[in-house]
Amino acid sequence: MKYDFAAIEAKWQDFWEEHRTFRVTDDAPGPKLFILDMFPYPSGAGLHVGHPEGYTATDILSRYKRMKGLSVLHPMGWDAFGLPAERYAMKTNIHPRVTTAQNIETFRRQIRMLGLSYDWDREVNTSDPAYYRWTQWIFLQIYNAWFDPRARKARPIATLEVELAASGTVNLPDAPTVSAAEWKQWSRKQRHDFLAQFRLAYIADVPVNWCEALGTVLANEEVAEWTEKGFTVERRPMKQWMMRITAYAERLLEDAAVLDWPASTQEQQRNWIGRSEGAEVRFRVVDREEALTVFTTRPDTLFGATYMVLAPEHPLVDAMTSPEHTEQVRMYRASAARKSDVERGAEKDKTGVFTGGYALNPATGGRIPIWIADYVLMGYGTGAIMAVPAHDDRDMAFAKKFDLPIMPVVDGGTGAPECFVEEGTAVNSANAEISLNGLPTREAKSAMIRWLTDKGLGRSAVQYKLRDWLFSRQRYWGEPIPIIHLEDGTLATVPEDQLPLRLPDLAKFQPSGTTESPLALATDWVNCVDPVTTLKGRRETNTMPQWAGSCWYYLRYIDPKNEKAFCDPAKERHWMPVDQYVGGSEHAVLHLMYARFWHKVLNDLGHVSTKEPFLRLRHQGIILGEDSRKMSKSRGNVVNPDDVVKQYGADAMRLFEMFMGPLEEMKPWSTRGVEGVYRFLNRVWRLYVADDDAHGLLVADGAPGEAFERVYHQTVRKVTEDIESLRFNTAIAQMMIFVNEATKLDGRPRSIMEPFVLLLAPFAPHLAEELWQRLGHAETLAYEAWPVYDAAKAAEPEAEIVLQVNGKVRSKLAVPADTGREELERLATADAAVRKYTDGRKVVKIIVVPNKLVNIVVAG
RNA sequence: GCCGAAGUGGCGGAACUGGUAGACGCGCUGGACUCAAAAUCCAGUCUGGCUUACCCCAGGUGAGGGUUCGAGUCCCUCCUUCGGCACCA
């Protein structure tokens with residue numbers, strides 16, 4: 001009988017579904033293991049060949065671990081809110097819910113077709129009201145929390161209210177001053193407004209990246225993606241929901257260190273957070289009360305600060321500007337405001353104007369001019385810098401263009417490069433009170449910070465590049481933000497027992513025409529009354545970004561049907577953290593950063609038990625087209641999984657994707673390669689099943705030969721070790737070696753051929769189940785014990801010893817394994833081929849590596 | 001420009017803590033089976049040389065140095081590719 005993959009695969013997919021083979025209960029025996037895939041956005045295009053790569057990897061691991069006796073949580077779901085469905089709805093007026101449901105149907109069918117062992121009882125869908133109810137609930141937890149800098153963690157906002165009533169802001173660092181007495185006298189609105197500045201979710205009037213064509217704002221992180229696609233993004237100030245992720249900068253950085261994540265991903269997260277140490281320095285301004293505070297990483301160069309620059313948006317620009325410069329400052333600010341951050345960054349040529357104001361360099365006492373320029377960004381540090389042109393490239397470029405003074409204060413010891421930005425020795429840096437001269441940069445920094453601190457002119461400081469997360473989107477197809485804007489200007493939350501706040505149905509999905517989302521057009525939905533205050537109000541019309549649903553989906557898998565909580569605490573403690581997470585490296589920053597942030601807030605508030613959600617992370621590499629270029633419709637090199645499965649079967653598809661090369665590497669598709677593994681599966685089939693039905697099974701009872709037994713034990717060892725370290729390509733190579741050996745044999749002993757099926761099962765589960773059944777087993781092999789190897793039987797009895805003379809191979813020798821050093825040396829020196837090179841020469845040294853080689857070093 | 005990862009046959013890729021470079025697969029060549037083809041099976045396949053005894057010799061893991069008895073593996077310099085960041089003071 002021939003290998004009929006189509007019939008076999010359909011049969012076992014039905015079997016697994018019918019028997020719910022891969023369902024895992026919370027009290028399942030064995031240690032828990034949580035193996036997670038990044039869930040897909042169900043696009044209209046269906047699954048592409050990149051998806052099965054990661055999914056097969058986790059599937060192999062899951063199947064293997066089940067056979068090792070672990071209880072494996074391995075779920076799948078849908079990241080189902082998103083812009084493509086909404087854009088499609090704009091064109092067709094078909095509700096995104098409808099297209100999303102269809103797309104999910106396709107994805108589910110395709111994933112099922114690959115024989116992936118998910119527990120479908122745990123499927124989640126982020127656009128399902130029963131799911132987004134809890135996304136909204138988590139939003140409210142975040143909204144109703146503040147970051148207590150003393151505890152370095154989030155606490156309920158109520159704790160802040162208690163503290164304010166008791167002691168005002170006396171004990172709160174960096175907070176506007178309010179006494180307990182004042183607080184108690186304040187109105188509801190005053191208290192509301194004051195608390196708003198502490199909440200982890202807050203509304204701010206910020207310059208956003210507005211995309212007219214999409215009718216929405218984009219997060220800074222998303223701008224590049226859309227501009228690459230040809231959309232234009234402009235800056236405009238808008239009221240937006242923000243999340244205070246910056247409060248977690250330090251913890252996101254610290255806690256990452258213990259994670260087993262790819263180095264490049266760790267690095268990207270570190271860069272994104274962008275921590276830098278330095279100092280804040282206050283500069284007095286000539287003839288004015290206000291002072292300017294700057295952040296610098298090089299306080300040691302303060303003596304070299306010859307001018308200052310403010311960001312055009314800096315609030316003190318007007319105060320610094322003298323009457324005769326007002327017009328040029330106004331014009332410069334106007335032109336800067338029109339430019340997007342991207343445009344600003346693209347222009348390398350420095351622009352700026354003088355304000356007419358002067359500050360005093362606190363170290364030299366000298367008058368230095370104050371400029372504004374858009375190379376200084378309002379969003380970083382204090383939005384103002386001290387410019388040290390001698391030791392900063394940007395300041396140097398600016399100083400040269402506008403003919404500003406340059407004062408070297410660091411000696412690099414290597415002549416006099418135009419602009420020396422590295423560390424060196426301080427020079428020209430002394431006043432009546434302090435001298436840095438002669439100090440290396442590191443010491444000069446701390447000496448300067450000490451002096452500034454003593455004089456009350458500055459302090460050491462840490463800055464982060466990380467910005468707060470722009471959370472709202474002007475879209476329909478996302479989670480409604482459960483907030484009501486009341487007529488008195490305060491915000492109310494939708495009560496928890498009224499969640500989910502459902503999306504209203506709309507007839508059309510076009511942008512509202514204003515900067516509001518299409519939800520603004522649903523007037524019945526928008527206008528409401530707050531049940532608590534009975535004030536009239538308008539619902540928030542912005543929705544959440546697509547990241548929201550994926551920030552916590554792993555938690556919902558643990559308890560997907562719970563209507564009382566987002567996840568039962570006991571179940572959470574049992575299953576968390578995720579032991580292995582696999583997904584694309586395109587999520588190295590955004591998804592993984594946002595999810596970690598939410599997780600930490602939930603952890604602080606006592607809702608989850610671990611500091612970090614994902615312990616071990618791997619990325620699957622991108623699969624290129626057969627021409628080694630990125631797959632794209634326009635190049636016509638896209639491979640459709642449906643076609644591959646139809647022609648070669650799911651097992652061949654899975655096996656090929658794993659055999660192509662290391663999981664994390666980028667690699668090209670190869671139809672020939674698929675045929676290769678397909679041939680391998682046929683060879684496996686024919687090892688067990690005769691072409692002609694009359695002969696039945698080809699396995700026989702009886703003891704295996706020693707050599708075959710050895711290959712088998714070596715195969716068990718290699719496959720086991722390779723699965724553990726996710727090196728599937730070499731595991732498959734070893735199984736091919738085994739099959740090549742088995743093919744040569746006349747009689748194939750059942751005692752070996754049977755457990756080999758189990759080794760193959762994680763990789764080619766349909767074929768393995770079929771063979772297992774034909775071998776006489778009534779049950780699925782999914783929970784059969786994983787084969788163990790015998791190290792003694794796997795060991796080679798003979799070792800081939802390489803005989804070298806001066807490092808060159810001159811002969812080889814077969815000896816019993818573990819032959820002693822003396823014996824090896826004796827055999828080597830006596831070897832005829834070796835003696836051709838050693839006779840008549842002086843032996844300097846003999847290196848013996850047991851079971852490996854003997855190297856004879858001769859003089860001359 | 002800065003940071004990170006990586007460069008191995010005609011191709012995808014193996015090679016544990018420094019110890020026979022090229023496992024396994026693809027492709028190719030030859031053979032068996034067949035009227036023939038497909039499928040399958042067997043053998044060969046880094047390059048050059050010499051013999052034609054697949055015996056031996058020389059070279060070979062992006063380039064050039066170095067450490068070592070011995071380097072794909074460790075160190076230095078450079079080149080290339082991919083990924084990320086890009087006026088972050």
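Worth saying up front: this structure is predicted, and the values here are computed from it rather than measured. Order of the sequence lines fixes the chain letters, A, B, ..., with proteins taken first and strands second; residue numbering starts at 1 for each chain. Just so it is clear, the values below take in all heavy atoms, side chains as well, and ignore hydrogens, waters and symmetry mates.
- Looking at A:Q804, its side chain has no donor and acceptor atom pair within 3.5 Å of the base of B:rU20.
- Taking atom CD of residue A:Q714 and atom P of nucleotide B:rA15, one finds them 16 Å apart after rounding to whole Å.
- The gap from the P atom of B:rC69 to that of B:rU81 amounts to 38 Å, rounded to the nearest Å.
- Applying the side-chain contact (heavy atoms from CB on, under 4.5 Å) test to A:M396 and every residue at least two apart in sequence or in another chain returns A:K400, A:I406, A:E418, A:C419.
- Among the atoms of the strands shown, base atoms are found under 4.0 Å from some heavy atom of A:L853.
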Legend entry - side-chain contact (heavy atoms from CB on, under 4.5 Å) between A:T351 and A:D374, worked out: CA-CA 7 Å; A:T351 59; A:D374 67 5; 3.6 Å; yes
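- Proximity of A:R683 to the phosphate of B:rC41: a side-chain N or O atom is located under 4.0 Å from OP1 or OP2.
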Inset, instruction - In sequence, state the C-alpha distance, the side-chain angles, and the governing distance for A:F402 and A:F398, and then conclude on ring pair (Phe, Tyr, Trp, His ring centres under 6.0 Å). - result: CA-CA 6 Å; A:F402 295 105; A:F398 194 78; 4.7 Å; yes
Inset, instruction - Please step through side-chain hydrogen bond (donor to acceptor under 3.5 Å, both in side chains) for the pair A:D395 and A:Y375, ending with a clear verdict. - result: CA-CA 9 Å; A:D395 296 344; A:Y375 83 92; 2.8 Å; yes
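- Checking B:rG27 for Watson-Crick or G-U wobble geometry (two distances, each under 3.5 Å) identifies B:rU45 as its partner.
- Annotation: B:rG1 and B:rG64 have their C1' atoms spaced 25 Å apart (nearest Å).
- Of the side-chain N and O atoms in A:R810, none sit less than 4.0 angstrom from OP1 or OP2 of B:rG70.
- Nucleotide B:rG83 carries an anti base; the chi torsion (O4'-C1'-N9-C4 or O4'-C1'-N1-C2) is more than 90° from 0.
- In this structure, A:L760 places its CG atom 18 Å from P of B:rC24, rounding to the nearest Å.
- Per the geometry, NZ belonging to A:K630 stands 12 Å off C1' belonging to B:rG83, to the nearest Å.
- In this entry B:rG4 has B:rC82 as its Watson-Crick or G-U wobble partner, both defining distances falling under 3.5 Å.
- Within 4.0 Å of A:S276, counting heavy atoms only, lie sugar-phosphate atoms of the nucleic acid but no base atom.
- In this structure B:rC16 sits in no base pair that meets the Watson-Crick or G-U test at under 3.5 Å.
- Remark: the separation of the P atoms in B:rA32 and B:rA23 is 27 Å, to the nearest Å.
- Taking only side-chain atoms of A:K808, from C-beta outward, the nucleotide of B:rG59, B:rC24, B:rC69 with the closest atom is B:rG59.
- Comparing B:rU20, B:rG84, B:rC69 by their closest approach to the side chain of A:Q268 singles out B:rG84.
- Base pairing annotation: B:rG22 forms no Watson-Crick or G-U wobble pair, as no partner gives both donor-acceptor distances under 3.5 Å.
- As judged by a 4.0 angstrom heavy-atom cut-off over every strand, A:Q734 is placed among residues making no nucleic acid contact.
- Taking atom C1' in both B:rC82 and B:rU29, the straight-line distance is 36 Å, to the nearest Å.
- Here the straight-line distance linking atom CZ of A:F756 with atom CZ of A:F738 works out to 5.5 Å at 0.5 Å rounding.
- Residue A:R275 is out of contact with every strand shown, counting any heavy-atom pair closer than 4.0 Å.
- Side chains of A:E675 and A:Y648: a donor on one and an acceptor on the other come within 3.5 Å.
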Inset, instruction - Evaluate the side-chain hydrogen bond (donor to acceptor under 3.5 Å, both in side chains) criterion for residues A:S276 and A:Y380: first the C-alpha distance (whole Å), next the side-chain angles of each, then the deciding distance (0.1 Å), finally the verdict. - result: CA-CA 11 Å; A:S276 51; A:Y380 183 77; 2.9 Å; yes
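- Rounded to whole Å, the distance from CD1 on A:I846 to P on B:rU68 is 20 Å.
- Nearest nucleotide to the A:V809 side chain, out of B:rU20, B:rG83, B:rC57: B:rU20.
- Comparing B:rU45 with B:rC24, their C1' atoms are spaced 15 Å from each other, to the whole Å.
- When each of B:rG19, B:rA89, B:rG27 is scored by its nearest atom to the side-chain atoms of A:R672, the top-ranked nucleotide is B:rG27.
- At the heavy-atom level, A:V294 lies nowhere under 4.0 Å from the strands shown.
- Remark: B:rU40 base-pairs with B:rA32; criterion is Watson-Crick or G-U wobble with both hydrogen-bond distances under 3.5 Å.
- Between the CG atom of A:L803 and the C1' atom of B:rU20 there is a distance of 11 Å, rounded to whole Å.
- Taking atom C1' in both B:rU67 and B:rC16, one finds a spacing of 23 Å when rounded to whole Å.
- Between A:H314 and A:L292, the closest heavy-atom pair is CE1-CD2, 4.1 Å.
- Comparing A:V802 and A:M386 against RNA chain B, the residue whose closest nucleotide sits nearer the 5' end is A:V802.
- Look at B:rU68: it lacks any Watson-Crick or wobble partner with both distances under 3.5 angstrom.
- Rounded to an integer number of Å, the gap from A:E422 CD to B:rG1 C1' is 13 Å.
- Other residues, nucleotides and ligands contribute more than 12 heavy atoms inside 6.0 Å of the CZ atom of A:R727.
- In the set B:rC87, B:rG84, B:rG25, B:rC87 carries the atom at the smallest distance from any side-chain atom of A:K350.
- Among the protein residues, A:Y837 comes within range of the sugar-phosphate backbone only, with heavy atoms under 4.0 Å from sugar or phosphate atoms but none that close to a base.
- Note on A:R686: only backbone sugar-phosphate atoms sit closer than 4.0 angstrom, heavy atoms only; bases stay farther off.
- Note: CE (A:M378) to P (B:rC87) measures 17 Å, nearest angstrom.
- The listed nucleotides are B:rU40, B:rC85, B:rA89; the one nearest the side chain of A:R679 is B:rU40.
- Rounded to the nearest Å, the gap between the P atom of B:rA71 and that of B:rA14 is 23 Å.
- Between the C1' atoms of B:rG4 and B:rC54, the separation comes to 46 Å (whole Å).
- Among the nucleotides B:rU20, B:rA89, B:rG70, the one closest to any side-chain atom of A:K812 is B:rU20.
- Residue A:G676 is in sugar-phosphate contact alone, with no base atom involved, counting any heavy-atom pair closer than 4.0 Å across all strands shown.
- In this structure, A:R275 pairs ionically with A:E277, as a charged nitrogen and a carboxylate oxygen lie closer than 4.0 Å.
- Comparing B:rC85, B:rC87, B:rG19 by their closest approach to the side chain of A:K465 singles out B:rC85.
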Inset, instruction - At under 4.0 Å between heavy atoms, which parts of nucleotides 2-14 of chain B does protein reach? Answer with one letter per nucleotide, 5' to 3': B base, S sugar-phosphate only, - none. - result: -SS-------BSS
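- A:Q714 and A:E796 share a donor-acceptor pair across their side chains, judged by distance under 3.5 Å alone.
- Each of A:S670 and A:K836 has a nearest nucleotide on RNA chain B; the 5'-most of these lies closest to A:S670.
- Computed from coordinates, the A:L377 CG to B:rA89 P distance equals 10 Å when rounded to whole Å.
- Taking the six-membered ring where the residue is Trp, A:Y3 and A:W685 present tilted rings, their angle falling between 30° and 60°.
- Here A:N740 lies in heavy-atom contact (under 4.0 Å) with sugar-phosphate atoms only.
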